[in-house]
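Presented below is the structure to which this report refers.
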Protein chains: 2
Amino acid sequence: MEVYKGEKKRLYLEYNSIAHLFSFQVEAFMEVHEYQRDEWIIQEGMRPDFLFYVMEGKAKIYVTHQNGKVSLINFINAHDYIGEMELLNDVYYTKGIQASTKTVCFAIPIHRYRTQLLDDAKFLRELTKFLSIKATHMAAKYSQSLAFPLENRLADFILQTADEGIYKEKHVTVCDYLGVSYRHLLHVLTQFCAKNYLKKDGRNYHIKQSHSLNELAEVLKNQ
Amino acid sequence: MEVYKGEKKRLYLEYNSIAHLFSFQVEAFMEVHEYQRDEWIIQEGMRPDFLFYVMEGKAKIYVTHQNGKVSLINFINAHDYIGEMELLNDVYYTKGIQASTKTVCFAIPIHRYRTQLLDDAKFLRELTKFLSIKATHMAAKYSQSLAFPLENRLADFILQTADEGIYKEKHVTVCDYLGVSYRHLLHVLTQFCAKNYLKKDGRNYHIKQSHSLNELAEVLKNQ
DNA sequence: GGAATAATATGAGATATCTCATATTTTTGA
DNA sequence: TCAAAAATATGAGATATCTCATATTATTCC
């Protein structure tokens, strides 16, 4: 992790302002943090000292269960908040956040700004929207995971993450995200190939019949 | 549904104030609604005209999937908000909300107060907390549903809902909530009886070994 | 009060998904 | 550059969960 200092920090702030998110000056004690791929932005179980706002990059929220299973709860992208749960709640089990690409965040020290943040309607309004979408999204994922087999959820995931007709997510990550075993994921992917929805090419999968995948994914929709 | 009028309304407002939740006068156009058991407070797919704040009673959030399966997403209790998603988001698939006991809510007309509400730090702060807890709760349910079999989740649910050592939830509701088939729920309940964790008595189940259920439920915890 | 509806109950076979074992290939780090 | 670690791959048997069929109570409503 790198904390931008001096000229580097000044330049970054100049070109990437988040002043519009607050109605007061937040820059005085704000830091700019850069994390490398696979680095932990927040360690599971350890309360963070900052509220983060992601400017660039992608990250993943993980939680480890007592039976050793790991769930990838969600992906984090640019313009998302991190650590807002800890800002709001005194009691909270902190989840792990891991960068999956180089990630640059603004880091706002909680102890310094907590009171001001919780009094700022502009900030709270944006955060409320962010949280409402997050809650809705989790509710949708939850109910879908119980109502549909992997076949449907995977079809949706493939269509969402494929780039130019090619799907190439890491199986291990996808297992954690969709909450199924590695074995079963491979099994359903093989089925998709057998049905000619996908064509395997080394580690990539070419989408051959997106309409078939669409049909499978479509039944999840409405929410 | 009954809308309190005249003296009844005046008295109810006098004894149940929510003035402390806002920094402006919200009472002028606020209504008081009472719903009977099983009545729909919000119909699935229909945008509500009010932001509700539940004063008394309990309700359930439902969503219907395209394959006909119904998910009971969550329970709603006193001091929860309803319709806050529609207040915040212009595009949102509205879920159904059904009263499960007599339920009294304050109903704040959205078109009238939207702007003021979204500018009120006091209101937004409470709502943000409410949403953060909701999001966390959904995330926990989601990851648990994928990481643990029904046995563990049911044990937790039984302990949470039992009253004086007796569990008597309706099977149909529980199926929708835990996202399993009726058949399977009964199967696991029968197992619990066979293991002597529970003793069936007509439609009730007496908890005989809460420590065993506790052990099963415990592994979900940490979050 | 009786017919219709909802809730409970149980069996049996099907399927979705998991666990474990093991092999190969790729990536990483000293 | 090489050994260790991570990711991919596949088989086979186990288990969690589902579907469907059917019967028996409760509950609701005219």
Taking the nucleotide of DNA chain D with the nearest heavy atom to each, does A:G202 or A:L146 sit closer to the 5' end?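 By nearest-heavy-atom nucleotide position, the 5'-most residue is A:G202.
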
Return the value, rounded to whole Å, for the distance between atom [atom1] of [X] and atom [atom2] of [N].
X      : N      : atom1 : atom2 : result
B:R183 : C:dA7  : CZ    : P     : 18 Å
A:Y182 : C:dT25 : OH    : C1'   : 11 Å
A:N204 : C:dT25 : CG    : P     : 18 Å
A:R203 : C:dT25 : CZ    : C1'   : 6 Å

Tell me whether the centres of the aromatic rings in B:Y197 and B:F192 are closer together than 6.0 Å.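 Yes; B:F192 has its ring centre under 6.0 Å from that of B:Y197.
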
Under 3.5 Å, is there a donor-acceptor pair between the B:T94 and B:E86 side chains?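 B:E86 and B:T94 do have a side-chain donor-acceptor pair below 3.5 Å.
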
Which part of the nucleic acid, if any, lies within reach of B:H184 when heavy atoms closer than 4.0 Å are counted: base, sugar-phosphate only, or nothing?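 Since a base atom lies under 4.0 Å of B:H184, the category is base.
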
Atom pair CD1 (A:I82) and CD1 (A:I76), whose distance is rounded to the nearest 0.5 Å: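 Here the interatomic distance stands at 4.0 Å.
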
With rounding to the nearest 0.5 angstrom, report the CD1 to CD distance, B:I207 to B:Q209.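 If we round to the nearest 0.5 Å, B:I207:CD1 and B:Q209:CD are 11.5 Å apart.
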
For B:L178, does its backbone N or O pair with a side-chain atom of B:R153 as donor and acceptor, under 3.5 Å?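 Yes, because the side chain of B:R153 sits within donor-acceptor range (under 3.5 Å) of the backbone of B:L178.
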
For chain B and DNA chain D, what are the first and last nucleotides along the strand, 5' to 3', with at least one atom under 4.0 angstrom from a heavy atom of the protein chain?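 From 5' to 3', the first and last contacting nucleotides are D:dA16 to D:dA26.
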
For A:H33, the option from A:W40, A:Y4, A:Y53, A:F50 that meets ring pair (Phe, Tyr, Trp, His ring centres under 6.0 Å):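 The passing option is A:F50.
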
